[in-house]
*Asks:* 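The structure that follows is given in the form of C-alpha cells.
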Amino acid sequence: MSPDHPPGLDLDRLGALLDRERPGLANGPLSGRLIEGGRSNLTYAVSDGTAKWVVRRPPLGHVLATAHDMRREHRVISALHATPVPVPRTVLLCEDEEVLGAPFYVMEFVEGTPYRTADQLAPLGPERTRRTVLALVDTLVDLHAVDPGEVGLADFGRPEGFLDRQLRRWGKQLDASRNRELAGIDELHAALGRELPRSPAPAVVHGDYRLDNVLIASAEGGTDSIRAVLDWEMSTLGDPLTDLGLLVMYGMPLGTPDSPVSTTAEAPGHPSPAELIERYAARSGRDVSGVAWYTAFAWFKLAVILEGIHYRYTLGQTVGPGFDRIGDLVPVFIEHGLTTLREGLRKG
C-alpha cells in the first residue's frame, strides 16, 4: 500500500459508501493516511483535497469485537456532541464488514495538538501549560456532570459493582500475561480489593482520560483551548473518580529518565497532583477524600497493561523502539501504586 492508501482503508469502497449514504459530502477522489499514536483502534485522516474527515476502525486482524466496539464509540460521541464536552461531530457508522473488513465510523476532522510528553509541553511555557492542564480537569468535570439519561446513555454500562468488576478484570488480565515474578503486584491487587471504596453516583466515564487523548488548539494571543476529547473506546457508565485517579497518576513524575512511557508532570508549570484534585473537587462538588485508592488503582492498571506489552515482546509479537525497556518500568508502576495506597491510608 502507498502512503495515500494505508492498510485497512479501502478508499474506493469508502468513497462509494459516502456517495451513497452522504451524497455531496465528498467532492473528488479520496486520499488517506494513518494517524500515529493510537494505542488500540486505528485512526485515519481522509481528504477529498478540500475537506477532511477521520475514520476509526478496529486493528487489523482483531479478534475480540467487544474490545473494539465501533458502535459504542460512535454512540457516546454522538450523544455528547450537544453537551459542553467537546467531541468531533459524527458523520456515519458502518457495520457492514464488506466495506473495510471491519465495522468503522467517520467523524469530522478537528485541528489540534495532542501533547504526549513534558518536552512537547515545554514550549508553551509555564503559564500556558498550567492553564491547559487545569482546563483538562474542567472538561472532565463537564463530562461527569452530563446526565446519562438526558443524552440517551442510561443503558451505556452497568454501574452496580463497577469497581469490583474493574479490579477483577485487570487481575485476570495480569494472570493472562504472567511469565515472571513481579514483587508487590499481588500485594497491591489484594490491598486494593480490601479497601474498595463506595462509589458515588455513576457518570459517563472516559476510561483513558489524559492530556494526549485531547486536542489542544491555540488562538491569537496564546490562548489555548481543548477542541476535542478523543479515544472513547473504554468509555462506560461507572465511577467518575476512576477518571480522576488516572489523570492524577499521569500528573505524577515517574522518576525514570528516557523512559519509553512518560507522564507530563515534569513540564514547567504543570499543576501538582494536589492542585488537580482540588480543582476537580471545587468545580464538581464531589467528595474526593478517597482519591488515593483511585490513583493507586490507575498505577496497578497501567502496570498490568505494560506487563502485557512486555509479555508479548518476550514472545516476539511486538516490535519497535522502546519495547525492550517496557519490562523494566513495570516494577516502577507497582511501587508507585503501593506507595500511593499506603500514604493515602495513613492520611485517612
Side-chain angles (χ1 to χ4, degrees), residues 39-41 58 62-73 75-76 79-80 140 143-144 146-149 151-178 182 184-210 213 231-250 284 286-309 311 330 333-334 336-338 340-341 344-345:
R39 294 176 64 176
S40 181
N41 291 324
H62 74 289
V63 178
L64 296 175
T66 54
H68 309 283
D69 191 338
M70 295 295 100
R71 176 195 287 269
R72 190 172 184 80
E73 273 197 49
R75 179 184 175 189
V76 69
L80 291 173
L140 185 62
L143 171 63
H144 293 164
V146 171
D147 183 327
V151 295
L153 294 175
D155 61 345
F156 194 59
R158 294 183 296 132
E160 191 71 30
F162 176 76
L163 290 182
D164 181 59
R165 283 199 312 278
Q166 284 282 302
L167 201 55
R168 284 189 282 112
R169 170 192 172 186
W170 290 104
K172 289 178 181 176
Q173 192 78 12
L174 172 64
D175 291 339
S177 55
R178 258 186 212 271
L182 281 173
I185 197 159
D186 291 319
E187 177 190 347
L188 177 56
H189 188 217
L192 288 166
R194 286 194 303 271
E195 301 296 332
L196 205 69
R198 184 175 181 177
S199 291
V204 179
V205 297
H206 182 276
D208 196 17
Y209 193 79
R210 51 201 169 93
N213 274 340
D231 290 357
W232 292 85
E233 59 198 78
M234 298 178 75
S235 60
T236 188
L237 293 189
D239 189 326
L241 297 183
T242 54
D243 278 342
L244 178 62
L246 188 70
L247 187 59
V248 170
M249 189 217 81
Y250 277 110
S284 69
R286 294 180 187 271
D287 177 6
V288 297
S289 57
V291 74
W293 186 95
Y294 295 90
T295 308
F297 173 66
W299 286 115
F300 172 73
K301 186 170 82 168
L302 265 293
V304 173
I305 291 171
L306 293 176
E307 184 63 13
I309 295 171
Y311 176 68
V330 179
F333 278 69
I334 295 169
H336 275 296
L338 287 167
T340 301
L341 197 56
L345 293 175

*Asks:* Under 4.5 Å between any side-chain heavy atoms of Q166 and T242, yes or no?
*Replies:*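 Side-chain contact under 4.5 Å: no.
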
*Asks:* State plainly whether the residues D155 and R75 are in salt-bridge range, i.e. N to O under 4.0 Å.
*Replies:*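 Salt bridge present between D155 and R75.
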
*Asks:* List the atom of P159, the atom of P202, and the distance in Å for their closest heavy-atom pair.
*Replies:*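 Looking at all heavy atoms of both residues, the shortest contact is CB-CB, 3.5 Å.
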
*Asks:* Looking at CG of L244 and OH of Y209, how far apart are the two atoms once the value is rounded to the nearest 0.5 Å?
*Replies:*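 Reported value, rounded in 0.5 Å steps: 10.5 Å.
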
*Asks:* Using 0.5 Å steps for rounding, measure from the CZ atom of R72 to the CE atom of M234.
*Replies:*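 Separation between the atoms: 11.0 Å.
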
*Asks:* Taking the side chain as every heavy atom from C-beta outward, state whether Y294 and D243 have any pair of such atoms under 4.5 Å apart.
*Replies:*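 Heavy-atom side-chain distance check fails, nothing below 4.5 Å.
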
*Asks:* Could you tell me whether the side chain of R286 reaches within less than 4.5 Å of the side chain of P240, counting heavy atoms only?
*Replies:*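 P240 vs R286: side chains touch.
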
*Asks:* Any luck finding a side-chain donor-acceptor pair between R158 and T236 under 3.5 Å?
*Replies:*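 Side-chain D/A pair, R158 to T236: absent.
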
*Asks:* Under 4.0 Å between a Lys/Arg side-chain N and an Asp/Glu carboxylate O for D175 and R178?
*Replies:*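 Answer for the salt bridge query: yes.
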
*Asks:* Which heavy-atom pair separates T340 from A296 by the least distance, and what is that distance?
*Replies:*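 Looking at all heavy atoms of both residues, the shortest contact is CG2-N, 3.9 Å.
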
*Asks:* For residues L237 and V205, determine if any side-chain heavy atom of one lies less than 4.5 Å from a side-chain heavy atom of the other.
*Replies:*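 No, their side chains stay 4.5 Å or more apart.
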
*Asks:* Among all residues two or more places apart in sequence or in another chain, which pass the salt bridge (charged side-chain N to carboxylate O under 4.0 Å, His left out) test with D147?
*Replies:*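 Counting only residues at least two positions away or on another chain, D147 forms no salt bridge (charged side-chain N to carboxylate O under 4.0 Å, His left out).
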
*Asks:* For the CG atom of L182 and the CG atom of L188, what is their distance to the nearest 0.5 Å?
*Replies:*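 One gets 11.0 Å once the value is rounded to the nearest 0.5 Å.
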
*Asks:* Out of curiosity, M249 CE to F333 CZ, how far, rounded to the nearest 0.5 Å?
*Replies:*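 Reported value, rounded in 0.5 Å steps: 5.0 Å.
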
*Asks:* Could you tell me which non-hydrogen atom of A303 sits nearest to which non-hydrogen atom of V330, and how far apart they are?
*Replies:*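 Taking A303 first and V330 second, the nearest heavy atoms are O-CG1, 3.8 Å.
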
*Asks:* What residues, two or more places apart in sequence or in another chain, satisfy side chain to side chain donor-acceptor pair (under 3.5 Å) together with R168?
*Replies:*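 Only D164 meet the side chain to side chain donor-acceptor pair (under 3.5 Å) criterion with R168.
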
*Asks:* Can you tell me how far apart CG (L174) and CD1 (I185) are? Round to the nearest 0.5 Å.
*Replies:*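 The CD1 atom of I185 is 4.5 Å from CG of L174, to the nearest 0.5 Å.
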
*Asks:* With a 4.5 Å cut-off on side-chain heavy atoms, are W293 and L341 touching?
*Replies:*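 In short, these two side chains touch, coming nearer than 4.5 Å.
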
*Asks:* Does the side chain of N41 come within less than 4.5 Å of D231's, by heavy atoms?
*Replies:*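 A side-chain contact under 4.5 Å is absent here.
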
*Asks:* Check whether H189 reaches the backbone of F300 with its side chain - one donor and one acceptor, N or O, closer than 3.5 Å.
*Replies:*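 Not a single qualifying donor-acceptor pair exists.
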
*Asks:* Excluding sequence neighbours, so at least two apart, what forms side chain to side chain donor-acceptor pair (under 3.5 Å) with S199?
*Replies:*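 D239.
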
*Asks:* Decide yes or no for L80 and L143: does some side-chain heavy atom of the first lie under 4.5 Å from some side-chain heavy atom of the second?
*Replies:*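 A side-chain contact under 4.5 Å exists here.
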
*Asks:* Are any of the side-chain heavy atoms of L241 and D287 separated by less than 4.5 Å?
*Replies:*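 No, side chains not in contact.
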
*Asks:* Backbone N or O of D208 within a donor-acceptor pair of the N213 side chain at under 3.5 Å?
*Replies:*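 Side chain of N213 to backbone of D208: a pair is present.
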
*Asks:* How many angstroms lie between CZ in R165 and NZ in K172, if you round to the nearest 0.5 Å?
*Replies:*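 Answer for the CZ-NZ pair, R165 versus K172, is 11.5 Å.
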
*Asks:* Could you go through Y250 and L302, starting from their C-alpha distance and side-chain angles, then the distance that decides it, and tell me whether this counts as side-chain contact (heavy atoms from CB on, under 4.5 Å)?
*Replies:* CA-CA 10 Å; Y250 277 110; L302 265 293; 3.6 Å; yes

